[in-house]
Amino acid sequence: MKVSLQRMMIGCGYGAVAYLVIIALNIQPTHPTMRNVVSVLIMSALIGLLTDLFELDRLSYLVALGLHLLGTFGLTISTIWFNHWHTASFWGLFLGCYLILWGIVRFYQFLEVTKIN
């Protein structure tokens, strides 16, 4: 439970930073509201919780990554629908953000392993 809560908090951090970058780049089609912020934080926490998939021994890394990608996609679509956001460049934005954040997480994991060794 404690580990899952930590992952949710880390997910909130990644989501908050990504959302601030989206706002700074004027990608969000409307002005941010409390509803937008709370929904993005909830979505980010749930995406963080999805990282528990990578701890399941019965799933290969690629299967866990695929399930995480699909779960993240579903949560993102739900958040877009909930907030009434419509963006023509969704696919590029989604895949770009996912790949960048995945790269950051993998780099952080590499640094942790290096530090332990």
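Under the salt bridge (charged side-chain N to carboxylate O under 4.0 Å, His left out) criterion, Lys2 pairs with no residue at all, not counting sequence neighbours. A search for side-chain contact (heavy atoms from CB on, under 4.5 Å) contacts involving Leu41 returns Cys12, Ala16, Val37, not counting sequence neighbours. Every residue two or more places apart in sequence or in another chain that forms a side chain to side chain donor-acceptor pair (under 3.5 Å) with Thr33 is listed here: Asn36. Applying the side chain to side chain donor-acceptor pair (under 3.5 Å) test to Ser39 and every residue at least two apart in sequence or in another chain returns Asn83. The side-chain contact (heavy atoms from CB on, under 4.5 Å) test applied to Ile80 returns Thr76, Trp85, Phe90, not counting sequence neighbours. With sequence neighbours excluded, no residue satisfies side-chain contact (heavy atoms from CB on, under 4.5 Å) with Leu70. Residues forming a side-chain contact (heavy atoms from CB on, under 4.5 Å) with Ile100 (at least two apart in sequence, or on another chain): Ile104.
Between Tyr98 and Thr72 the shortest heavy-atom distance is CE1-OG1, 3.8 Å. Nearest heavy-atom pair, Leu59 versus Leu53, reported as atom, atom and distance to 0.1 Å: CD1-O, 4.0 Å.
Summarising the geometry, atom CG belonging to Leu46 is positioned 5.5 Å from atom CE belonging to Met8; distances are rounded to the nearest 0.5 Å. Remark: Ile22 CD1 to Ile27 CD1 distance equals 5.5 Å, nearest 0.5 Å. With values rounded to the nearest 0.5 angstrom, Leu56 atom CG is found 9.0 Å from Leu67 atom CG. Going from atom CH2 of Trp91 over to atom CG of Leu95 covers 7.5 Å, rounded to the nearest 0.5 Å.
Annotation: side chain of Ile10 is not in contact with side chain of Thr51 (no heavy-atom distance under 4.5 Å). Residues Leu65 and Trp102 are in side-chain contact: their nearest non-hydrogen atoms beyond the backbone lie under 4.5 Å apart. Contact annotation: the side chain of Tyr19 never approaches that of Ser44 to less than 4.5 Å [non-hydrogen atoms, C-beta and beyond].
Other cluster members for Trp81: Phe82, joined by side-chain heavy-atom distances under 4.5 Å among Ile, Leu, Val, Met, Phe, Trp and Tyr. Annotation for Phe107: hydrophobic cluster partners, listed by chain and number, are Phe110, Leu111 (ILVMFWY side-chain heavy atoms under 4.5 Å, direct or chained).
Under the 4.5 Å side-chain contact rule for hydrophobic residues, Val21 and Val105 do not share a cluster. Under the 4.5 Å side-chain heavy-atom criterion for ILVMFWY residues, no single connected hydrophobic cluster contains both Leu75 and Leu93.
Residue pairs satisfying the salt bridge (Lys or Arg N to Asp or Glu O under 4.0 Å) criterion with at least one member in residues 82-105, sequence neighbours excluded, are absent. Contacts classified as ring pair (Phe, Tyr, Trp, His ring centres under 6.0 Å) and involving residues 41-60 (residues at least two apart or in different chains) are given here: Phe54-Tyr61, Phe54-His68. The list of salt bridge (Lys or Arg N to Asp or Glu O under 4.0 Å) pairs with a residue in residues 40-52, not counting sequence neighbours, reads Arg7-Asp52.
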